[in-house]
Amino acid sequence: MTSTTESDEAFIRDFATMSGFGSTPAGGVDRQAASEADVDQRRWFAGRLEAYGLRVEYDRIGNQFGLLERVPGAPYVVVGSHMDSQPTAGRFDGAYGVLAAAHAAFRLADEWERAGEVPRFNIAVVNWFNEEGSRFVPSMMGSSVFTGKLPLDKALATRDRAGVSVREAMEPTGFLGEGDGPTPAFCAEIHIEQGRDLENSGTTIGLVTASWAANKYEFVVNGDQAHSGATLMADRRDALLGASMLVVAAREIANRFPGVLHTSVGQLDVYPNSPVVVASRVSLLLDLRSADESVLAKADELLHGEIARIEETARVTVERRPSHSWGVTHYQREGVELARRAAGRLGLSHTDIMTVAGHDSINMKDLVPTVMLFVPSSEGISHNEFEFTTDEDMLAGLRLLTEVVRGLAAGELNS
C-alpha cells in the first residue's frame, strides 16, 4: 500500500465533511438536486474551491464550476462529476469524482506554482446539476444542457412530483448564472464502477472505452377508475394491473439474454393511489440496456410486442413516450491511451472496461475528447446506503486523475 501524504489526508478529511451533507442513519446520503442538503453542500464546496484560489461560477442551468485560470483566454479541461444523489444513496456515487477533480486541481496548482510552469489549457472543476434525475427527469440534465442536447428552457420548466420547476427550485439559491460556462477543450471524469468487475479481478483502475446502449421510455397505462371492492372483476380496467404486466415482461425479456441485457422499472406513479380505488392511470419509467445493439433492438421489439397482449388482457391502453436513448458509443481512443500510460507510470493495475450506467462524460465525449476512469465498488453495490470504496482505491484514483489532467492541460491530446 502506498503511504499517504498530507494532501491525501486533506482529501479524506474533505470527503468525510462532504459526506455529512444530507447524511442518513444507515451511512448514506439524501441530497437530491436543489434540495436543502444539495444547496448546503454546494455552498460548502464553493468555499473550498475559493479557499484555494479558484473562481466559482454557475451557468444558466446551475452547473457549478471552479475555474483555475493560468492561461487567460485559453479553453479549459473540464473535470468532475456530480454531487446530487438518489433519495437514499451511497456517499461515493458522483461525489467522489467531484472532490477528486477539485483535489487534482489543487495539486496541479501547487505544482505549477512551485515549478513556475504555465500549462497550455486551464482547468474547470465541475459539479454537474441533476445528474441522477431522481427529482427532475431526465438524468444528466446539467451536462445535457451544457452540450446542447437538451434545450435550456425545457430543462428549467421541468417539474418534480410536487409540481416545483427547476427554475423555481434553483432561483432562490443563487445558483442560476447568466452564461454558458467555460469553453471546454477536453473533459475527464472519475467515478466508482458501480459493478463487480474491478473488485473480482483485483484491478485498481478501469479505463472506460465505451458505454452500453440504452433505450429509456415513459409508458402511461390508462384504465378506468372504479371501486376496488364492489366492481366486478370482469368489469375492471385496472391500469396498475397493466403496468405490473409491463414490469414483469421487462424482467422476462432480460432473462432471455442473460448477462448481455439489463432491464428495469425504477419509478411508478399511480393515480389516484387510493386503497379503495382501482387505478385509472399509471406512469412508469422503463429502460433497456445492452452492450450489443442487436440485442437491444431485439429486446425492444419483444417489449413492444407485449403491449398488444397487455392491452387486451388487462383491458387498458398503453401510451409510449420516448424519454431518451443512445447507442454503444466509444470514448476517444487517444484519451484511453493517455490514461493507460499514466496508470503505467504510477504502477496502478488497470484494464479496459465499458460503463453500463450513464454519466455526464457520455454527453461530454460527444463535444470534446474525454477520459473516463473507474475505481472499484465493494460488491458492486450502488444507489444504496451501503455503497463503499476504500480510501486506498479513492486515493489511487485521485493520483491517476491528477496525472491525466496534467497531461490534458499540457496539450498531450492537442493533435
Side-chain angles (χ1 to χ4, degrees), residues 33 57-65 75-85 93-98 100-101 123-156 158 166 177 179-192 194 206-216 285 287 289 291 293 322-336 339 353-374 401 404-405 408 413:
E57 294 184 355
Y58 302 88
D59 67 7
R60 292 185 292 167
I61 191 58
N63 294 317
Q64 183 179 33
F65 299 96
Y76 288 77
V77 178
V78 177
V79 55
S81 191
H82 64 95
M83 295 174 83
D84 69 307
S85 81
D93 177 2
Y96 162 64
V98 177
I123 295 176
V125 176
V126 63
N127 171 23
W128 298 109
F129 174 70
N130 190 48
E131 191 275 351
E132 291 291 359
S134 58
R135 181 178 180 186
F136 301 107
V137 179
S139 59
M140 303 187 292
M141 179 179 283
S143 60
S144 294
V145 171
F146 183 83
T147 56
K149 295 183 177 183
L150 177 64
L152 174 66
D153 289 346
K154 182 176 181 180
L156 290 172
T158 299
V166 169
D180 296 321
T183 300
F186 306 105
C187 179
E189 179 175 4
I190 194 165
H191 204 280
I192 60 170
Q194 301 175 289
L207 307 176
V208 182
T209 60
S211 63
W212 277 32
N215 288 348
K216 295 192 171 190
L285 299 181
D287 67 67
R289 305 179 191 229
E293 291 184 3
S323 178
H324 55 302
S325 63
W326 56 86
V328 172
T329 54
H330 294 268
Y331 288 81
Q332 289 82 2
R333 173 52 57 182
E334 59 270 27
V336 176
I353 195 169
M354 292 182 73
T355 178
V356 181
H359 300 287
D360 292 302
S361 68
I362 291 175
N363 284 329
M364 288 298 292
K365 68 180 173 53
D366 294 337
L367 186 66
V368 293
T370 297
V371 178
M372 182 76 191
L373 306 169
F374 279 165
L401 182 66
V404 166
V405 174
L408 293 174
L413 294 191

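These numbers come from a predicted model, not from an experiment.
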Phe186: which residues meet the ring pair (Phe, Tyr, Trp, His ring centres under 6.0 Å) condition with it, sequence neighbours left out?
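Partners of Phe186 by the ring pair (Phe, Tyr, Trp, His ring centres under 6.0 Å) criterion, ordered by chain and then number, come out as Phe121.
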For Phe136, enumerate each residue passing the ring pair (Phe, Tyr, Trp, His ring centres under 6.0 Å) test, keeping only those at least two apart in sequence or located in another chain.
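Expected list: none.
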First locate atom [atom1] of [X], then atom [atom2] of [Y], and finally report the distance between them rounded to the nearest 0.5 Å.
X      : Y      : atom1 : atom2 : result
Ser139 : Asp360 : OG    : CG    : 8.5 Å
Thr355 : Tyr331 : OG1   : OH    : 6.0 Å
Met83  : Asp93  : CE    : CG    : 12.0 Å

How would you list, by chain and number, every residue that makes a salt bridge (Lys or Arg N to Asp or Glu O under 4.0 Å) with Asp59, sequence neighbours excluded?
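If we apply the salt bridge (Lys or Arg N to Asp or Glu O under 4.0 Å) test to Asp59, skipping adjacent residues, there are no hits.
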Identify, with sequence neighbours excluded, every residue that meets salt bridge (Lys or Arg N to Asp or Glu O under 4.0 Å) alongside Lys154.
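Partners of Lys154 under the salt bridge (Lys or Arg N to Asp or Glu O under 4.0 Å) test: none.
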Among residues at least two apart in sequence or on other chains, which ones pass side-chain contact (heavy atoms from CB on, under 4.5 Å) with Leu156?
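side-chain contact (heavy atoms from CB on, under 4.5 Å) list for Leu156, sorted by chain: Ile61, Leu152, Val166, Arg167, Leu176.
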Val368: which residues meet the side-chain contact (heavy atoms from CB on, under 4.5 Å) condition with it, sequence neighbours left out?
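Here the qualifying residues are Pro184, Cys187, Met364, Thr370.
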Scan the side chains in residues 207-214 for donor-acceptor partners under 3.5 Å anywhere in the protein, sequence neighbours excluded, and list what turns up.
from   : atom 1 : to     : atom 2 : distance (Å)
Thr209 : OG1    : Ile353 : O      : 3.4
Ser211 : OG     : Thr329 : OG1    : 2.9

Residues forming a side chain to side chain donor-acceptor pair (under 3.5 Å) with [X], sequence neighbours excluded:
X      : result
Tyr96  : none
Thr147 : none
Glu57  : Arg55
Ser134 : Gln32

Which heavy atom in [X] sits nearest to a heavy atom in [Y], and how many Å separate them?
X      : Y      : answer
Asp84  : Trp128 : OD1-O, 4.2 Å
Gly181 : Phe146 : CA-CE1, 4.2 Å
Ala33  : Phe129 : CB-CE1, 3.8 Å
Gly80  : Ala101 : CA-CB, 3.7 Å
Gly94  : His191 : N-NE2, 3.3 Å
Val98  : Ser81  : CG2-C, 3.3 Å

Report yes or no: does Asn63 contribute a side-chain atom to a donor-acceptor pair with the main-chain N or O of Gly142 at less than 3.5 Å?
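Yes.
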Donor-acceptor contact below 3.5 Å, side chain Glu334 vs main chain Leu413:
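No, the answer is negative, given that no donor and acceptor are paired below the 3.5 Å cut-off.
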Between Phe374 and His359, how do the two ring planes meet: parallel, tilted or perpendicular, split at 30° and 60°?
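The arrangement is perpendicular - the two ring planes meet at more than 60°.
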Pair listing, salt bridge (Lys or Arg N to Asp or Glu O under 4.0 Å) test, anchored in residues 124-138, at least two apart:
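Every salt bridge (Lys or Arg N to Asp or Glu O under 4.0 Å) pair that includes a residue of residues 124-138, provided the two are not neighbours, is Arg135-Asp160.
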Considering the options Thr158, Val145, Asn363, which one meets the side chain to side chain contact (heavy atoms under 4.5 Å, CB included) requirement together with Leu150?
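Looking at Thr158, Val145, Asn363, the match for Leu150 under the side chain to side chain contact (heavy atoms under 4.5 Å, CB included) is Val145.
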Can you find a side-chain donor-acceptor pair between His82 and Asn130 that sits under 3.5 Å?
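Short answer, no.
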